[in-house]
Participant: 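Handing you a structure now.
In what follows, every chain begins at residue 1, and chains take the letters A, B, ... in the order their sequences are listed. The model shown is predicted, which means the values in this text are computed figures rather than measured ones.
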Protein chains: 2
Amino acid sequence: MGISKSEEFSVKDNRVSKVAKALSHPARVAILRLLHSKKTCVCGFIVDELPLSQSTVSQHLKELKASGLIKGEIEGPRTCYCIDEKDWEAAKNYLNDFFEAKSENTKGCC
Amino acid sequence: MGISKSEEFSVKDNRVSKVAKALSHPARVAILRLLHSKKTCVCGFIVDELPLSQSTVSQHLKELKASGLIKGEIEGPRTCYCIDEKDWEAAKNYLNDFFEAKSENTKGCC
DNA sequence: GATATTTATCGTAATATTGCGATAATATTT
DNA sequence: AAATATTATCGCAATATTACGATAAATATC
């Protein structure tokens, strides 16, 4: 069907998958790396750094904004995109918790 | 086009996005949580735990195997799926490095 | 106010993902 | 060998994603 039954999974699993989805394309990873390294900020410069058209970059920025990882502020004719530090930390923790989660009871196999 | 220009991005960014893609669906997160918590192992039990059909779960398992995060060993009529601990650690580190990456030179804005 | 600059959005096309039922493939049990 | 159990794969349909050019929208500059 193509529609994902996300309602049927736990809040925790949805949180992890939502963050992961934002990071699931190399362009978005690259954008976040640029923004987080504080090398740039303005959309136009991001476009210069990536092998994608302006409209495509703009679309990725929109998705990242929707995921909550970045904010965009209009500054004159430009838009300044920045990491939302709180959400960045939260995302980091969601993934970290996921990877750290262990259990006492071990199953026999493996 | 729907085709992603991943070749044009860095190895690092592709590594992160590949792991993230594996985690980008709550069902796969749930499966990995089950396997990593060592509560189960066999495909059939995973099917019982998820609100998805057997064929759909099998497909998610295939994707996770392709991502390298899990291994599957045939045991009689069953298949025993397990976390690949080395790749699990590697994936964790890729994401952690990504989230930790900082820079000295700060830009003016934000 | 006309022009240039910058970014967002629209429309479109190609491909990918998600999901399921049906069926095949494999191994065990009777 | 027939029946059963378990998992993988195929075929299909619905939806999502990725990408780009064209164009609109907003602001700055001349």
Participant: Starting the side chain at C-beta, find the nucleotide from C:dT17, D:dA8, C:dA8 nearest to B:Thr79.
Facilitator: D:dA8

Participant: Nearest of C:dA8, D:dT17, D:dT7 to any side-chain atom of A:Gln54?
Facilitator: C:dA8

Participant: Which is true for A:Ser55 with a 4.0 Å heavy-atom rule: it touches a base, it touches only sugar-phosphate, or it touches nothing?
Facilitator: base

Participant: Starting at the 5' end of DNA chain C and moving along, which residue's nearest nucleotide shows up first, A:Lys62 or A:Lys21?
Facilitator: A:Lys62

Participant: Check every atom of D:dT27, C:dG19, D:dT18 against the side chain of A:His60 and return the nucleotide holding the closest atom.
Facilitator: D:dT18

Participant: How many Å lie between CG on A:Leu52 and C1' on D:dA19, as a whole number?
Facilitator: 8 Å

Participant: With heavy atoms under 4.0 Å as the rule, sort B:Ser58 into base, sugar-phosphate or nothing.
Facilitator: base

Participant: Using a cut-off of 4.0 Å on non-hydrogen atoms, how would the nucleic acid contact of A:Lys65 be classed: base, sugar-phosphate, or nothing?
Facilitator: nothing

Participant: Of the options D:dT7, C:dT28, C:dT7, whose atoms approach the side-chain atoms of A:Cys43 most closely?
Facilitator: C:dT7

Participant: What does B:Gln59 touch in the nucleic acid at a heavy-atom separation under 4.0 angstrom: a base, only the sugar-phosphate, or nothing?
Facilitator: base

Participant: Under 4.0 Å, heavy atoms only, any strand: does B:Val42 hit a base, just the sugar-phosphate, or nothing?
Facilitator: sugar-phosphate

Participant: To the nearest Å, how far apart are A:Glu75 CD and D:dA26 C1'?
Facilitator: 15 Å

Participant: Would you indicate which nucleotide in D:dT6, C:dT7, C:dC20 comes nearest to any side-chain atom of B:Thr56?
Facilitator: C:dC20

Participant: Tell me if the NZ atom of B:Lys92 is crowded by more than 12 foreign heavy atoms within 6.0 Å.
Facilitator: yes

Participant: Please report the C-alpha distance between A:Cys41 and A:Cys80 in whole Å, then the side-chain angles of each, then the deciding distance to 0.1 Å, and finally whether the disulfide (SG to SG under 2.5 Å) criterion is met.
Facilitator: CA-CA 5 Å; A:Cys41 174; A:Cys80 172; 2.2 Å; yes

Participant: Take the angle between the ring planes of B:His60 and B:His25 and call it parallel below 30°, perpendicular above 60°, tilted in between.
Facilitator: tilted

Participant: What's the closest nucleotide to the side chain of B:Ser53 if the choices are C:dC20, D:dC20, D:dT27?
Facilitator: C:dC20

Participant: I want to check something: taking the side chain as every heavy atom from C-beta on, are A:Ile70 and A:Leu64 in contact at a cut-off of under 4.5 Å?
Facilitator: yes

